[in-house]
S.K.: 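My questions all concern the structure below.
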There are 2 protein chains.
Amino acid sequence: MRRTKAEAEATRQQIICAAERVFFKKGVSNATMEDVAHAAGVTRGAIYWHFANKTDLFMELYKSVPLPQEDMVARELESEDAEVLTVIERVAAEWLDTLANDEQRQRILSILLRCDYTGELSAVLEKQQSVDDGHMRTLEAAFARAAEKGQLGTCWTPKSAASALRWMMKGICSEWLLFGRRFDLASEGREGLRRLIGSLQAAK
Amino acid sequence: MRRTKAEAEATRQQIICAAERVFFKKGVSNATMEDVAHAAGVTRGAIYWHFANKTDLFMELYKSVPLPQEDMVARELESEDAEVLTVIERVAAEWLDTLANDEQRQRILSILLRCDYTGELSAVLEKQQSVDDGHMRTLEAAFARAAEKGQLGTCWTPKSAASALRWMMKGICSEWLLFGRRFDLASEGREGLRRLIGSLQAAK
DNA sequence: AGCTTTACAGTCAGGTGTGTATGTTAAATG
DNA sequence: CATTTAACATACACACCTGACTGTAAAGCT
């Protein structure tokens with residue numbers, strides 16, 4: 001029973017959506033194509049029609065992640081605002097807010113945090129790494145502008161400040177996602193951010 | 001050909017040691033018992049004599065990790081030194097030094113960072129979590145003593161300072177281990193630590 | 001010295017997941 | 001309207017890994 005193009009695209013999305021739920025629940029290496037197929041209401045044959053194998057499915061799932069504000073963040077960080085550190089803090093806090101309210105993003109990040117990148121999935125790790133490097137570059141640039149304006153504490157360099165912020169963000173998100181959301185991400189995360197940015201700031 | 005108790009214990013250690021190398025190379029879920037057996041120079045039968053299954057082997061590997069200075073760190077952090085923050089910085093820096101020079105510890109931490117904790121291995125994650133909680137308590141206590149002496153910056157609480165330090169440490173180690181040791185852990189890590197501790201410190 | 005048990009080596013059945021090949025139906029195409 | 005082809009479902013082959021079972025030779029006990 002051949003479907004129309006639109007229907008095919010719909011089942012493709014169904015498969016990706018089902019993979020997201022199944023990978024989240026059972027872990028990537030533990031999940032079976034049959035699991036995904038059952039969750040999507042299709043057979044494995046359908047999955048192998050749309051995707052080459054499990055690794056490919058995982059890659060496509062990763063690529064389908066809505067990263068809408070990627071560019072927005074970069075553009076905002078490159079804006080010529082006077083209070084650079086305030087902008088950085090606000091952007092980071094907004095990122096936490098988004099994560100706190102978007103369950104799909106939570107699931108995908110959890111999958112990414114928990115999965116085993118040895119073997120076939122190493123390509124995904126490399127992609128993540130390159131994305132991370134991009135973030136670091138824009139962050140460093142922002143901190144460099146803060147330093148030019150004398151807003152960055154004398155003991156910090158743009159690079160070390162960017163690293164500290166990124167590690168803080170990673171730490172907050174990892175702990176929240178992996179350890180059962182035992183605190184309020186938005187409020188406590190924002191508070192931690194405020195303290196760190198405050199410590200990065202030059203004494204007035 | 002039955003071995004003596006000492007020989008049996010030796011092969012048990014060989015198996016654990018081989019598991020460490022194999023798990024590091026192929027990842028826990030990707031490695032097979034046959035792989036481990038081959039690397040250890042025994043057959044799978046021998047492994048199943050000493051360990052119930054792969055999960056059990058992994059747990060025993062985890063338990064066999066040399067964590068000698070665990071208590072030392074705690075005792076040192078509880079010492080009544082005047083410069084609490086300096087002690088904290090030194091202890092953390094020593095931990096980085098140890099990691100930088102101990103390849104076995106590097107492998108085990110890499111395994112722990114990369115492996116998929118969904119399913120059978122979730123018990124390991126819980127154990128890690130409880131160990132982490134213990135660390136946090138002693139760290140918080142140390143920062144609390146620093147706060148009492150007025151050494152902690154006013155915008156920091158003992159808890160938030162402990163979190164910040166732990167996330168920093170995790171971030172440094174994760175990036176170094178997962179992303180191919182692209183920087184010098186001991187020197188750059190210590191530098192980052194110095195900056196962070198400096199920012200936690202009360203202005204003199 | 002003889003019996004029991006230990007510490008393995010080897011083998012085997014069985015389940016499980018993967019990838020592919022084939023079948024089927026309806027949409028596209030002309 | 002006939003043919004092709006897309007979008008799956010079904011079936012199959014096979015590699016593979018696990019756990020359990022069996023064999024065995026030496027250690028340890030009495």
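Below, read A as the first sequence line, B as the second, and so on, with proteins coming before strands; counting in each chain starts at 1.
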S.K.: Run B:Asp35 and B:Lys25 through salt bridge (charged side-chain N to carboxylate O under 4.0 Å, His left out) and show every step you take.
M.R.: CA-CA 11 Å; B:Asp35 291 334; B:Lys25 189 167 189 178; over 6 Å; no
S.K.: If you take any heavy atom closer than 4.0 Å to DNA chain C, which residues from residues 47-61 of chain A end up in contact?
M.R.: A:Tyr48, A:Asn53, A:Lys54
S.K.: Which residue in the set A:Leu57, A:Ile108, A:Leu112 passes side-chain contact (heavy atoms from CB on, under 4.5 Å) when paired with A:Phe23?
M.R.: A:Leu57
S.K.: Is there a salt bridge (charged side-chain N to carboxylate O under 4.0 Å, His left out) between B:Lys63 and B:Glu60? Walk through the geometry before answering.
M.R.: CA-CA 5 Å; B:Lys63 284 201 288 186; B:Glu60 294 301 312; 3.4 Å; yes
S.K.: Go through the steps for A:Ser199 and B:Trp156 under the test side chain to side chain contact (heavy atoms under 4.5 Å, CB included), then give the verdict.
M.R.: CA-CA 9 Å; A:Ser199 290; B:Trp156 292 94; 2.7 Å; yes
S.K.: Taking only N/O atoms, report every protein-nucleotides 22-26 of chain C pair under 3.5 Å with atom names and distance.
M.R.:
{"unit_1": "C:dT25", "atom_1": "O4'", "unit_2": "A:Met1", "atom_2": "N", "d": "3.2"}
{"unit_1": "C:dT25", "atom_1": "O2", "unit_2": "A:Met1", "atom_2": "N", "d": "3.2"}
{"unit_1": "C:dT25", "atom_1": "O2", "unit_2": "A:Arg2", "atom_2": "N", "d": "3.1"}
{"unit_1": "C:dA26", "atom_1": "O4'", "unit_2": "A:Arg2", "atom_2": "N", "d": "3.2"}

S.K.: Check the distance between D:dT10's P and A:Met33's CE and give it to me in whole angstrom.
M.R.: 17 Å
S.K.: Rounded to the nearest 0.5 Å, how far does CG of B:Leu185 lie from CZ of B:Arg190?
M.R.: 10.5 Å
S.K.: Test side chain to side chain contact (heavy atoms under 4.5 Å, CB included) on A:Gln201 and A:Glu89 and set out the steps.
M.R.: CA-CA 11 Å; A:Gln201 225 155 10; A:Glu89 180 183 340; over 6 Å; no
S.K.: Given atom CG of A:Asn30 and atom C1' of D:dC17, what is their separation to the nearest angstrom?
M.R.: 14 Å
S.K.: Can you check the B:Lys5 NZ to C:dC8 P distance for me, whole Å?
M.R.: 11 Å
S.K.: Kindly state which residues belonging to residues 7-14 of chain B come within less than 4.0 angstrom of DNA chain C, counting heavy atoms of the residue only, listed by number.
M.R.: B:Ala8, B:Thr11
S.K.: Could you check A:Glu20 against A:Ile16 for side chain to side chain contact (heavy atoms under 4.5 Å, CB included), going step by step and ending with a plain yes or no?
M.R.: CA-CA 6 Å; A:Glu20 178 199 311; A:Ile16 288 187; 5.7 Å; no
S.K.: Test your reading of the model: is there a side-chain donor-acceptor pair from A:Thr118 to the backbone of B:Lys26, 3.5 Å cut-off?
M.R.: yes
S.K.: Could you go through the side chain to side chain contact (heavy atoms under 4.5 Å, CB included) check for B:Arg137 and B:Glu140 one step at a time?
M.R.: CA-CA 5 Å; B:Arg137 271 194 295 275; B:Glu140 268 189 58; 5.7 Å; no
S.K.: Taking atom C1' of D:dA15 as reference, at what distance in whole Å does atom CD of B:Glu34 sit?
M.R.: 14 Å
S.K.: Just the rounded figure in Å: distance from C1' of C:dT20 to CZ of A:Arg44.
M.R.: 10 Å
S.K.: With nearest nucleotide decided by heavy atoms, which residue, A:Gly45 or A:Thr4, maps closer to the 5′ end of DNA chain D?
M.R.: A:Thr4
S.K.: Let's see if you can work this out: which of C:dT18, D:dT18, D:dG28 has an atom nearest to the side-chain heavy atoms of B:Thr32?
M.R.: D:dT18
S.K.: Can you establish whether the number of heavy atoms outside B:Lys149 located under 6.0 Å from its atom NZ is more than 12?
M.R.: yes
